[in-house]
Amino acid sequence: MPSTKVFSFPTTDAVSHALDKFLTQASADAIARTGKFTVAFSGGSLPATASKYLAENTQIDFSRWYVFFADERCVPHDHADSNYKLVKDHLLGPLANKIPEDQVIPINPRLVDDSTAAAVDYEAQLGSVFGPEKDRFPRFDCILLGIGPDGHTCSLFPGFAQLEEKTRWCVGIDNSPKPPPSRITLTMPVLNAAHNVAFVVTGAGKRQTIKEIIDQSDVRLPASHVALPKGTVYWFLDDAASQDLTLNKPSEFKL
Ligand SMILES: O=C(O)[C@H](O)[C@@H](O)[C@H](O)[C@H](O)COP(=O)(O)O
């Protein structure tokens with residue numbers, strides 16, 4: 001079973017502070033181990049919450065970061081729906097090129113009209129950093145994920161075929177229940193291969209979803225389809241989202 005650590009904080013601001021400490025440590029550990037830090041960002045509220053203090057962090061060697069996207073909408077990079085734009089506005093811009101441009105890997109803007117082609121292209125871009133071997137999965141140092149009210153994460157939606165994917169690293173979707181409809185997304189085997197997965201979930205609107213997922217203790221990853229996470233699964237919650245947890249109560253925050 002993977003190691004799961006559940007933390008809850010009084011406010012979203014406190015979640016941002018905790019994520020800054022967590023990513024400082026995770027980045028230092030990865031750089032000491034491999035010389036780089038590979039991280040994937042989701043969209044939604046996550047980039048703002050994760051970046052609030054990160055953007056002014058002076059302890060992290062951002063020159064060693066490789067930034068990917070756990071999922072991305074099939075829209076131009078300057079589109080309001082673009083996760084790349086979100087991360088650029090909240091983190092990359094404020095960091096002002098501390099992360100070399102060729103170490104930020106967005107969706108290929110020339111392929112946003114074809115989610116399948118964009119997903120195949122993204123796999124090739126993943127292969128250029130993690131190695132192209134197709135008999136294993138890229139092991140991210142950290143994947144930052146949100147959770148939707150229906151329990152979806154990145155663009156893997158309950159009951160959708162993409163959740164069943166066992167071999168591909170990245171797949172397309174054109175009927176996302178959450179608009180916009182066309183996206184690319186990392187697959188469950190890639191999420192499960194990561195050294196660290198950090199779910200960042202805030203707000204009372206997620207309280208029922210969080211209770212269902214975390215109080216079922218197995219974090220309800222579809223273990224029947226793919227192996228359980230190899231690494232550590234962290235939950236960074238605010239008290240509004242964690243208020244109904246009874247079985248797996250949040251522990252005191254320490255890494
Ligand atoms: O591109 C996306 O839409 C996101 O990656 C998506 O998976 C998001 O993380 C959840 O929908 C939660 O979004 P909120 O945190 O904004 O509720």
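Sequence positions, counted from 1, serve as the residue numbers for this chain. Just follow the structure's listing: the first ligand is 1, and inside any ligand the first atom is 1.
- Note that CH2 of W65 is 4.5 Å distant from CD1 of I60, once rounded to the nearest 0.5 Å.
- Neither the backbone nor the side chain of V201 comes within 4.0 Å of ligand 1, counting heavy atoms alone.
- Counting the atoms of ligand 1 from 1 in the order shown, those under 4.0 Å from a heavy atom of N83 are 1 (O).
- Geometrically, ligand 1 and S155 share no nitrogen or oxygen pair separated by less than 3.5 Å.
- Which parts of ligand 1 touch R183 is read off a 4.0 Å heavy-atom cut-off, strictly below it: atoms 1 (O), 2 (C), 3 (O).
- Within ligand 1, counting atoms from 1 as listed, the ones closer than 4.0 Å to a heavy atom of G146 are 9 (O).
- K88 NZ: 12 or fewer foreign heavy atoms inside a 6.0 Å radius.
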### Message
Between F140 and F130, is the ring pair (Phe, Tyr, Trp, His ring centres under 6.0 Å) condition met? List the steps.
### Response
CA-CA 9 Å; F140 278 89; F130 289 97; 4.7 Å; yes

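- Counting atoms of ligand 1 from 1 in the listed order, those under 4.0 Å from a heavy atom of H152 are 6 (C), 7 (O), 10 (C), 11 (O).
- Here E72 has no heavy atoms under 4.0 Å from ligand 1, in either its backbone or its side chain.
- Atom numbering of ligand 1 starts at 1 in the shown order; those under 4.0 Å from a heavy atom of I147 are 12 (C).
- Counting only N and O atoms by type, the side chains of S27 and Q25 include no donor and acceptor under 3.5 Å apart.
- In terms of N/O distances under 3.5 Å, ligand 1 is not approached by T153.
- Among the candidates V200, I147, N248, the single residue satisfying the side-chain contact (heavy atoms from CB on, under 4.5 Å) test with W235 is I147.
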### Message
Please determine whether side-chain contact (heavy atoms from CB on, under 4.5 Å) holds for the pair V112 and V75, giving the CA-CA distance in whole Å, both sets of side-chain angles, and the decisive distance to 0.1 Å.
### Response
CA-CA 6 Å; V112 294; V75 295; 5.8 Å; no

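- Residues Q125 and D121 bring a donor and an acceptor atom of their side chains to less than 3.5 Å of each other.
- At least one heavy atom of K206 sits closer than 4.0 Å to an atom of ligand 1.
- By the criterion of a heavy-atom distance under 4.0 Å, the backbone of C154, and not its side chain, is placed next to ligand 1.
- Taking every non-hydrogen atom of K178 and a distance limit under 4.0 Å, the qualifying atoms of ligand 1 come out as 2 (C), 3 (O), 6 (C), 8 (C), 10 (C), 11 (O), 13 (O).
- Every atom of ligand 1 is numbered from 1 in the order shown, and the set under 4.0 Å from a heavy atom of S45 is 14 (P), 15 (O), 16 (O).
- In this structure, the protein non-hydrogen atom closest to atom 5 (O) of ligand 1 is D71 OD1, 2.7 Å.
- Smallest separation of non-hydrogen atoms from K166 and P189: O-CG, 3.6 Å.
- When each of S176, C154, S115 is paired with T185, the side-chain contact (heavy atoms from CB on, under 4.5 Å) condition holds for C154 and for no other.
- Side-chain atoms of Y122 come within 3.5 Å of backbone N or O of F69 as a donor-acceptor pair.
- Residue-to-ligand polar distances keep G44 apart from ligand 1: every N/O pair is separated by 3.5 Å or more.
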